[in-house]
Amino acid sequence: MTRSLAFMSFRYAAILLAIAIVLVPVLWMASMAFKPIEEWQATGADLTWIPRAPTLDNFRYIFGRSTSDLIVTLDKTALKPILASFLSAGIGTILAMTAGTSAAYGLSRFGSGANLPLALVQLRLFPPMAVMTPVMIMWAFLSFTDSWWGLALVYGIVTLPFAFWLMKTFFDDMPKEIEEAALVEGCSRGRVFLKITLPMMRAPLASAALFVFILNWSDYLIALLLTTKQWVTIPVYMASLSSSMTGQLYGAKAALGLIAAVPPVVLGVLIQRHLVRGLTFGALKQ
Amino acid sequence: MKDESAKLGFRLTLPAQVLVLFISVFPLLMQLYISLTDWSPLSGQSWTQAWTMWNTFANYSDVIHDSRLWAALGRTALIMAVCVPVEFLLGLGLATLFMDDFPGKRVAYSILIMPMMVVPAVAGYMFYMLFQSGGPVNDILSRLLGHPVTLAWLSDPRLALVAVMTADIWQWTPLMFLILLAGLVGVPDDQIKAATLLGAGPVHRFITIVLPRMKAIIGIALAIRVIECFKIFDTLFIMTGGGPGVATETISVYIYKIATQDLIWGYVAAIALVILIVLSIACVWALKRMAK
């Protein structure tokens, strides 16, 4: 089908405009991350889109090497929150994937747990704020509050629906002949799952795990409610980066925001093929 | 053989069942109990002793008369009513531009879906910076209009609402685009070609052939966004904290505030339960309709 020149130019114009709108906020933050303190709040004619005197001071600052320009010293550096984010999101992902994958296989092959699909969608439906107060009470009772494992446990449950649904559609799509052949050979059902199915599903498992990790990494509200000091995650730490003396530490926050934004964007490109499936609970495949 | 399968299936689904039970049944019962009392974490007693502050249904009648709650609900509905249709139309428009191949398609696609990968709290911070009165948004507007614009986006009640909606539209239009494009690509080519041969114009083809085949997908996309939009918290809270005053206070922000600042957890539990019940009914109703 040949398209008219008018349509082609309209298409490129529209797409370029959309790309510009997508990029402006990201580029502004990236530029802010490299701006020295004098340029943070420059306005009017002084407002610059590209830093006049680019510097790495903001990055040095959040990692604890205080620079003379930034008067306030930080209570803590960004290292621990970055570790907290990785640990809680990582362990939460492992938990969700383990429970989700085995349940998905159980349902897909043996029809067990027929209540799970609906129950898990419902879990996703509720605003976290409406179910978090009992969790906060329980976590305080178990002294899970402000710990990476307490956070990881909640993350594992919150993202379980995604892990389950994604893996269920992958298992449903998988040809059953190989499993059946192994069964005829005398393998037990459990061995088939562990030794044949799982290794075969390595790629889908990895995509699902990355998808779940992005979701866990993106959380703000749950960490805000369940961590206070020791194990705050990057978004919570970032929001706390302002003081009565200096106001908002624009550049330092932007530097941290840039660090937080990199992993999901990179992982997201890696699993692009499966994004639609993941986001629609497997209702739609690409 | 059958027995072995059933046993294995049970064992495999057990962890997920335990987790679901753990996060739904126990908290639900606890919330039901606390919602009938005046208990607060500041009361000095553990929640098990909440019965000493029994107030029967006082919390629930408070919910009915809580004008701040209803205003927050109305605001959430307003954000939903603006953002979801705008995201849908923009996403659909963009998706139609991506239906056939053109040079640079893959790169453009990768860039356009980036916003939804950005951590919402970070996106909130981006837009917090953009909407400062001396910030880039006013700078761009000044250049376009030719005279200095100094709108105080985040401290004006109406503009603040516009700002948080803009952030939501920026972040979630790509989701609509992604899902709708997957749907558009799935529409069989031969039907479109047949219609073209019969002389149907592109708009006519779109309305009579493409849209009806996309019904289910459009339904899914809208449902996902409506559900997520109802929960809206991260971006908005970072940008405005629900302010100025209560100008951008949504349902999640309101519950967050009364739970962490006023600490009236008996009342929080009552609100939460009412929301859970209403949402469950809506969910069952929607699923029944979809099944038809």
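A note on names: the letters A, B, ... follow the listed sequences, proteins ahead of strands, and every chain is numbered from 1. For the numbers below, each heavy atom of this structure counts, side chains included, while hydrogens, waters and symmetry mates do not.
- Between A/Y250 and B/Y128, the ring planes are parallel. Angles under 30° get that label, and only those over 60° would be called perpendicular.
- We find the CZ-CZ distance between A/F193 and A/F110 to be 8.5 Å, quoted to the nearest 0.5 Å.
- Using a 4.5 Å cut-off between heavy atoms, B/S24 makes no contact with chain A at all.
- In terms of heavy-atom pairs under 4.5 Å with chain A, the best-connected choice from B/P136, B/P115, B/G9 is B/P136.
- The backbone N or O of B/F10 lies less than 3.5 Å from a partner atom in the side chain of B/T13, making a donor-acceptor pair.
- Chain B forms more heavy-atom pairs under 4.5 Å with one residue of A/L118, A/I157, A/V135 than with any other, namely A/I157.
- Top candidate by heavy-atom pairs under 4.5 Å with chain A, chosen from B/V122, B/I227, B/D234, B/T260, is B/D234.
- Interface remark: of the candidates B/A221, B/P174, B/S280, B/S280 forms the most heavy-atom pairs closer than 4.5 Å to chain A.
- Comparing A/T101, A/N115, A/L123 by how many heavy-atom pairs each has under 4.5 Å with chain B, the most go to A/N115.
- Ranked by heavy-atom pairs under 4.5 Å with chain A, the first of B/C283, B/S252, B/S133 is B/S252.
- Using the six-membered ring where Trp is involved, B/F233 and B/F237 have ring planes that are parallel, under 30° apart on the 30 and 60° scheme.
- Counting heavy-atom pairs under 4.5 Å between each of A/L95, A/L224, A/V236, A/I234 and chain B puts A/L224 at the top.
- Taking chain B as the reference chain and counting heavy-atom pairs below 4.5 Å, the highest number among A/W28, A/W217, A/Y105 is found for A/W28.
- Options A/G100, A/A119, A/A14, A/A254 differ in how many heavy-atom pairs under 4.5 Å they form with chain B, and the most are formed by A/A254.
- A pairwise comparison of heavy atoms in B/G241 and B/V253 identifies O-CG1, 4.2 Å as the closest pair.
- The greatest number of non-hydrogen atom pairs below 4.5 Å with chain B, out of A/I214, A/V269, A/L279, is found for A/L279.
- With B/T235 contributing its side chain and B/P120 its backbone, the two residues share no donor-acceptor pair below 3.5 Å.
- Classification of B/E228 and B/R225 as a salt-bridged pair fails, no side-chain N sitting under 4.0 Å from a carboxylate O.
- Between chain A and the residues B/L90, B/V118, B/I179, the most heavy-atom pairs under 4.5 angstrom are made by B/I179.
- Residues forming a side-chain contact (heavy atoms from CB on, under 4.5 Å) with A/L194 (at least two apart in sequence, or on another chain): A/L198.
- Between chain A and the residues B/F102, B/F230, B/F26, B/F22, the largest count of heavy-atom pairs under 4.5 Å involves B/F102.
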